[in-house]
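When a ligand or atom number is given, it counts from 1 through the structure's own listing order.
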Amino acid sequence: MSNKTQVLRGLYAITDSTLLADGRLLPYCEAALQGGAKLLQYRDKSSDGSRRLHEAKALQTLCQDYGARLIINDDVHLALELGADLHLGQEDGSLLQARQLLGPDAIIGATCHARLDLAEDAVKQQADYIAFGRFYNSQTKPGDVFASTELLEHAQQLQTPVVAIGGITLDNGSTLIKHGAAMLAVIHGLFAADSAAAVEQRARAFSALFTD
Ligand SMILES: Cc1ncc(COP(=O)(O)OP(=O)(O)O)c(N)n1
Ligand SMILES: Cc1nc(C(=O)O)sc1CCOP(=O)(O)O
Ligand SMILES: [Mg+2]
């Protein structure tokens, strides 16, 4: 299992059950990993527990093959069952309880919207990264844009990797990195593509933004 500091900088791919339907889940996620994605979040809102377990197990194997880490969205019990990592929103349960369940080696991240106080609280609860958003209009989560580059700058004082999310593309991602984002979390900008080859190409381009 790759260690935390190695993977908490770069492209953070997040799955989407619509974009990755019809057999696209595994080939597109493998393409994102081949293109350098460091974290892969399995984000599925369905109630089909057996399908979610089956898909998450397959993604866990892919992440292990590529030295990346699988982040389970929302569901601490699924993360525990797989020995995977976890992302929790403000309504998804306690960060501290998740840490007690998953242990010190798990990556646990927290949604902080555009609120520095939520980020401070998450860090106190041992979050490994803090996620701010939306920075741009999102096709996955349309609505108001709240987060700013000033927030990214202010959050550096917390000395915790900052993840940016919301409407991120190859055209706007570099600005967020310049202002302190350690990771770009992307759904549509990566996976709304016609082929796995296109996903890999986009992943390589996103990954290259972190080396320039
Ligand atoms: C990296 C990352 N940041 C934010 C979110 C959003 O989480 P949440 O607010 O719990 O909303 P849902 O994604 O669960 O609908 C995330 N999933 N990942
Ligand atoms: C899952 C999610 N959370 C957000 C937040 O602001 O916390 S925005 C978002 C959707 C990100 O998808 P896309 O890259 O397609 O905009
Ligand atoms: Mg959630």
Side-chain angles (χ1 to χ4, degrees), residues 4 7-21 24 28-29 32 37-47 52 56 59 63 68-79 84-95 97-98 106-116 118-119 121-123 125 127-149 151-152 155 160-173 175-177 181-193 199 202-203 205-206 209:
K4 292 185 182 183
V7 294
L8 289 176
R9 178 170 176 79
L11 175 60
Y12 185 161
I14 302 182
T15 67
D16 179 278
S17 48
T18 305
L19 291 175
L20 299 181
R24 287 188 294 268
Y28 276 38
C29 286
K38 298 290 186 64
L39 298 183
L40 176 64
Q41 181 182 126
Y42 180 58
R43 181 176 182 267
D44 185 292
K45 297 291 184 174
S46 83
S47 57
R52 291 174 66 244
L59 294 176
C63 287
R69 296 281 287 254
L70 178 66
I71 308 273
I72 300 297
N73 188 40
D74 295 338
D75 187 344
V76 64
H77 300 294
L78 179 57
D85 302 309
L86 180 68
H87 181 88
L88 290 180
Q90 290 296 320
E91 313 297 325
D92 298 327
S94 158
L95 287 165
Q97 285 176 8
I107 294 173
I108 302 176
T111 292
C112 303
H113 300 303
R115 299 248 314 262
L116 201 57
L118 292 179
D121 180 57
V123 170
Q125 294 191 66
D128 294 293
Y129 69 77
I130 47 181
F132 292 120
R134 269 152 280 176
F135 283 91
Y136 307 104
N137 187 45
S138 167
Q139 293 191 51
T140 306
K141 276 196 169 181
D144 293 337
V145 170
F146 301 105
S148 66
T149 52
L151 175 65
L152 288 173
T160 301
V162 174
V163 172
I165 189 167
I168 296 174
T169 67
L170 286 168
D171 295 328
N172 61 36
T175 299
L176 303 176
I177 297 167
M183 303 200 84
L184 301 179
V186 188
I187 299 179
H188 263 78
L190 177 64
F191 285 127
V199 171
R202 290 181 188 186
F206 273 114
L209 297 177

Check ligand 2 against [X] and write out every atom of the ligand that is under 4.0 Å from a heavy-atom position of the residue.
X	result
G166	8 (S), 16 (O)
G133	6 (O)
H188	13 (P), 14 (O), 15 (O)

>> Applying the side chain to side chain contact (heavy atoms under 4.5 Å, CB included) criterion to I187, which one of I168, T15, I14 satisfies it?
In response: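 The option that passes is I14.
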> What do we get for K141 next to ligand 1 when only non-hydrogen atoms under 4.0 Å count, side chain, backbone, both or neither?
Replying inline: side chain
> Side chain, backbone, both or neither: which part of E91 has a heavy atom under 4.0 Å from ligand 1?
Replying inline: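 Neither part.
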> Would you call the rings of Y129 and Y12 parallel, tilted or perpendicular if under 30° counts as parallel and over 60° as perpendicular?
Replying inline: perpendicular
Which heavy atom of the protein is the closest neighbour of [atom], given with residue, atom name and distance?
atom	answer
atom 5 (C) of ligand 2	I165 CG2, 3.7 Å
atom 8 (S) of ligand 2	R134 CG, 3.6 Å
atom 14 (O) of ligand 2	I187 N, 2.9 Å
atom 10 (C) of ligand 2	S138 OG, 3.6 Å
atom 15 (O) of ligand 2	T140 OG1, 2.6 Å

> Is there a nitrogen or oxygen of R43 sitting under 3.5 Å from a nitrogen or oxygen of ligand 2?
Replying inline: no
> Looking only at N/O atoms, are T111 and ligand 2 under 3.5 Å apart anywhere?
Replying inline: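 No.
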>> Nearest N/O/S atom of D92 with respect to the Mg ion (ligand 3), by atom name, please.
In response: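 Distance check against the Mg ion (ligand 3) picks out OD2 in D92.
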> Which N, O or S atom name in D74 marks its closest approach to the Mg ion (ligand 3)?
Replying inline: OD1
> In terms of side-chain heavy atoms, does H87 have a donor or acceptor partner in T111 at a distance below 3.5 Å?
Replying inline: yes
> Does the side chain of T169 pick up a donor-acceptor pair with the side chain of N172 at under 3.5 Å?
Replying inline: yes
> Which is closest to atom 16 (C) of ligand 1 in terms of heavy atoms, M183, K45, R43, H87?
Replying inline: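 Considering heavy atoms of M183, K45, R43, H87, the nearest to atom 16 (C) of ligand 1 sits in H87.
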> Counting heavy atoms only, which of I14, T111, D92, L184 comes nearest to atom 4 (C) of ligand 1?
Replying inline: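 Looking at heavy atoms only, T111 sits closest to atom 4 (C) of ligand 1.
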[X] to ligand 1: N or O pair under 3.5 Å?
X	value
H113	no
Q41	yes
Y12	no

> In this structure, are over 12 heavy atoms from other groups packed under 6.0 Å from Q90 atom CD?
Replying inline: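 Yes, CD of Q90 has more than 12 neighbouring heavy atoms, counting only those of other groups under 6.0 Å.
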>> Check this for me: does any side-chain nitrogen of one of R43 and D74 sit under 4.0 Å from a carboxylate oxygen of the other?
In response: no
>> One thing to verify: whether D75 and R52 come together as a salt bridge, which I'm taking to mean a side-chain N less than 4.0 angstrom from a carboxylate O.
In response: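 D75 and R52: salt-bridged.
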> At the 4.0 Å heavy-atom cut-off, does G167 count as touching ligand 2?
Replying inline: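 G167: in contact with ligand 2 (<4.0 Å).
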